[in-house]
Student: 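One structure is given below, represented as structure tokens, and several questions about it will come after.
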Amino acid sequence: MRLSLLALLTLSSSAAVADPPVTTKLDAVAGIPGVDRTTRTEDVQFKSGKDERLTVPVRVSGYGPFRFLVDTGSDRTAISRQLAGRLGLPADGNASVHSITGVATVSTADLPSVQLTSKPVKVRGAPLLESTDIGADGIIGVDSLRSQSVLFDFEKQTLSIVPAARAAFRDEPDTIVIEAARRNGRLIMTDAKADGQAVSVVIDTGAELSIGNEALRQQLVNRGLVDPMQKVQMLSVTGALLPGDIMIVRDLDIGGLKLRNLAVVFADAHSFKELKLDREPALLLGMNAIRAFKKVSIDFANRKFRVVLPEESQLDVRLASARLK
């Protein structure tokens, strides 16, 4: 079974003329700009693909809209090689892309205008990836969202870009707010346990299923706390495959937010090494978990993860429906 699971997308840029080539780290999300206090809230209708990941309409250089994947596990906005060719955007450099399977060298292009909301942004050095590997025309990464809060409303099928100065659904009943740390622009929640085992949890809307690392697998297997299910092959944004084992984590508690019988792919994903989480139990929380809630808000600037819970019976049904049959 092939699962189009995306995870970490970080870049290293290479000098155009150097012998030997000198590689420097291009960290697009090392810091957070001033908290957005002026932008008005804008709603964007999203679509769900067969793999349950979310795409939104995006205009590039005034053309479109095209379908871009919303991926909070990617630190850079990217575009498919096919779309860049149609728009006449030439490759102007190379970069090393870190995906779930490892490191690969790809071409990059500057995008003069990327418009998700009414305010277009310019993206420099966007990786050029194959559309079949992305499963979309491009990727909206953390670099395009980091000064704002992103609200997913799964009942209305809308993505709202909310100024980070204003909390999303602050007064809505059954809301849980979880404090997070920030690493490479992504939110990491450390007040979490998987079947009683302390674990770091990273929000990753680009992953169809949640992904656990080898350190977490060993802890749970040794204590008999996971049930083996089946093997899968994960497809990275660079087209490489990574084998993994789907198992069921019986109880996941994230700051008081409880999920039961969550399907998790355990694999030696390169993403954990890039986040310096390869030696401690860690989990990329994918769409099979995130979709279980009525609403989800990811506030990068203020380092908060908010969810609105459905009724408990509905939560169990939604999680069960997200498991592979």
Student: Who passes side-chain hydrogen bond (donor to acceptor under 3.5 Å, both in side chains) against Asp110, sequence neighbours left out?
Tutor: none
Student: Is there a path of hydrophobic side-chain contacts, each under 4.5 Å between heavy atoms of I/L/V/M/F/W/Y residues, joining Phe152 to Val177?
Tutor: no
Student: Taking the side chain as every heavy atom from C-beta outward, state whether Val249 and Leu216 have any pair of such atoms under 4.5 Å apart.
Tutor: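 Contact flag for Val249/Leu216 side chains = no.
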Student: Between atom CE of Met287 and atom CG of Asp204, what is the distance when rounded to the nearest 0.5 Å?
Tutor: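 Rounded to the nearest 0.5 Å, the CE-CG separation comes out at 10.0 Å.
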Student: Distance check, rounded to the nearest 0.5 Å: Leu283 atom CG versus Ile211 atom CD1?
Tutor: 9.0 Å
Student: List the atom of Ala215, the atom of Pro281, and the distance in Å for their closest heavy-atom pair.
Tutor: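 In this case the closest contact between Ala215 and Pro281 is CB-N, 3.8 Å.
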Student: Could you tell me if the side chain of Ile176 sits less than 4.5 Å from the side chain of Lys258, heavy atoms only?
Tutor: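 A side-chain contact under 4.5 Å is absent here.
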Student: Partners of Arg217 by salt bridge (Lys or Arg N to Asp or Glu O under 4.0 Å), sequence neighbours excluded?
Tutor: Glu214, Asp245
Student: Listed by chain and number, what are the side chain to side chain contact (heavy atoms under 4.5 Å, CB included) partners of Pro243, not counting sequence neighbours?
Tutor: Gln233
Student: Please check if the side chain of Ser210 supplies one atom and the backbone of Gly286 the other of a donor-acceptor pair under 3.5 Å.
Tutor: yes
Student: Might you work through the side chain to side chain contact (heavy atoms under 4.5 Å, CB included) test for Phe305 and Val201, ending with a clear yes or no?
Tutor: CA-CA 11 Å; Phe305 178 62; Val201 178; over 6 Å; no
Student: Looking at every non-hydrogen atom in both residues, tell me the closest pair between Val265 and Gly244 and how far apart they are.
Tutor: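 Of all heavy-atom pairs spanning Val265 and Gly244, the closest is CG1-CA, 4.0 Å.
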Student: What pairs of residues pass the salt bridge (Lys or Arg N to Asp or Glu O under 4.0 Å) test when at least one of them lies in residues 79-97, not counting sequence neighbours?
Tutor: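 For residues 79-97: Arg81-Glu130.
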Student: Is the closest side-chain heavy-atom distance between Ile203 and Phe300 below 4.5 Å?
Tutor: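 Ile203 vs Phe300: side chains apart.
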Student: Run the numbers on Phe66 and Thr55 for side chain to side chain contact (heavy atoms under 4.5 Å, CB included), then give the verdict.
Tutor: CA-CA 9 Å; Phe66 306 103; Thr55 61; over 6 Å; no
Student: Does any non-hydrogen side-chain atom of Val237 lie less than 4.5 Å from one of Ile139?
Tutor: yes
Student: Checking Ala104 now: which residues fulfil side chain to side chain contact (heavy atoms under 4.5 Å, CB included) with it, not counting sequence neighbours?
Tutor: Thr238
Student: Under the salt bridge (Lys or Arg N to Asp or Glu O under 4.0 Å) test, which residues partner Asp191, sequence neighbours left out?
Tutor: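 None.
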Student: Is there a side-chain contact between Ile79 and Leu83 in this structure, where contact means two heavy atoms from C-beta onward sitting under 4.5 Å apart?
Tutor: yes
Student: So does Arg67 get a backbone contact from the side chain of Asp137, meaning a donor-acceptor N/O pair under 3.5 Å?
Tutor: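 Yes; at least one donor-acceptor contact below 3.5 Å.
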Student: Could you list all the side chain to side chain donor-acceptor pair (under 3.5 Å) pairs where at least one residue sits in residues 277-286, not counting sequence neighbours?
Tutor: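 Passing the test, one end in residues 277-286: Ser200-Glu280.
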Student: Given side chains that start at C-beta, do those of Val307 and Leu309 come closer than 4.5 Å, heavy atoms only?
Tutor: yes
Student: Indicate the atoms forming the closest heavy-atom contact of Ala267 with Phe272, along with that distance.
Tutor: O-CE1, 4.4 Å
Student: Using a 3.5 Å distance criterion without hydrogens, assess whether the side chain of Asp195 forms a donor-acceptor pair with backbone atoms of Leu220.
Tutor: no
Student: For a side chain to side chain contact (heavy atoms under 4.5 Å, CB included) check, start with the C-alpha distance between Leu54 and Arg291, then their side-chain angles and the critical distance, and finish with the verdict.
Tutor: CA-CA 10 Å; Leu54 308 178; Arg291 274 187 171 278; 2.9 Å; yes
Student: What's the shortest heavy-atom distance between Ala126 and Ala78, and which atoms?
Tutor: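 In this case the closest contact between Ala126 and Ala78 is CB-CA, 4.3 Å.
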Student: Please round to the nearest 0.5 Å and tell me the distance separating atom CG of Asp174 and atom NZ of Lys295.
Tutor: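 The distance works out to 12.0 Å.
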Student: Taking Thr72 for its side chain and Thr205 for its backbone only, find out whether a donor-acceptor pair lies under 3.5 Å.
Tutor: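 Indeed, once roles are kept as given, a pair shorter than 3.5 Å links the two residues.
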Student: Do you know the tightest heavy-atom contact between Pro57 and Leu116?
Tutor: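 So the two residues come closest at O-CD1, 3.8 Å.
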Student: Can a donor-acceptor pair be found, under 3.5 Å and without considering hydrogens, that links the side chain of Thr77 to the backbone of Gly141?
Tutor: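 Present.
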Student: Taking the side chain as every heavy atom from C-beta outward, state whether Glu179 and Lys304 have any atom pair closer than 4.5 Å.
Tutor: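 Yes, at least one pair of side-chain atoms sits under 4.5 Å.
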Student: Which atom pair, heavy atoms only, marks the closest approach of Ile100 to Ser271?
Tutor: CG2-OG, 3.3 Å
Student: Side-chain heavy atoms nearer than 4.5 Å, only ILVMFWY residues, links allowed to pass through others: does that put Val221 and Phe266 together?
Tutor: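 Yes, Val221 and Phe266 fall within the same hydrophobic cluster.
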Student: For Thr101, what residues pass the side-chain hydrogen bond (donor to acceptor under 3.5 Å, both in side chains) criterion, not counting sequence neighbours?
Tutor: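 Testing Thr101 for side-chain hydrogen bond (donor to acceptor under 3.5 Å, both in side chains), a comparison that skips the adjacent residues, returns Ser99, Ser236.
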Student: May I ask you to decide if Gly206's main-chain N or O and Asp71's side chain share a donor-acceptor pair within less than 3.5 Å?
Tutor: yes
Student: Within the 4.5 Å heavy-atom criterion, are Arg303 and Leu187 side-chain neighbours or not?
Tutor: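 SC-SC contact between Arg303 and Leu187 confirmed.
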Student: How would you list, by chain and number, every residue that makes a side-chain hydrogen bond (donor to acceptor under 3.5 Å, both in side chains) with Thr105, sequence neighbours excluded?
Tutor: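 side-chain hydrogen bond (donor to acceptor under 3.5 Å, both in side chains) list for Thr105, sorted by chain: empty.
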Student: With a 3.5 Å distance limit and no angle check, can you tell me whether Arg183 reaches the backbone of Leu275 through a side-chain donor-acceptor pair?
Tutor: yes
Student: With sequence neighbours left out, write down each residue that passes side chain to side chain contact (heavy atoms under 4.5 Å, CB included) with Ala109, or none if nothing qualifies.
Tutor: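 By the side chain to side chain contact (heavy atoms under 4.5 Å, CB included) rule, Ala109 matches Leu128.
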Student: Can you tell me how far apart NZ (Lys122) and OG (Ser61) are? Round to the nearest 0.5 Å.
Tutor: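 It is 10.0 Å, given to the nearest 0.5 Å.
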Student: Nearest 0.5 Å please: distance from the CG atom of Leu151 over to the CG atom of Asp299.
Tutor: 11.0 Å
Student: Once side chain to side chain contact (heavy atoms under 4.5 Å, CB included) is applied, do any residues pair with Val114, and if so which ones, sequence neighbours excluded?
Tutor: Val58, Leu111, Val121, Val123, Ile140
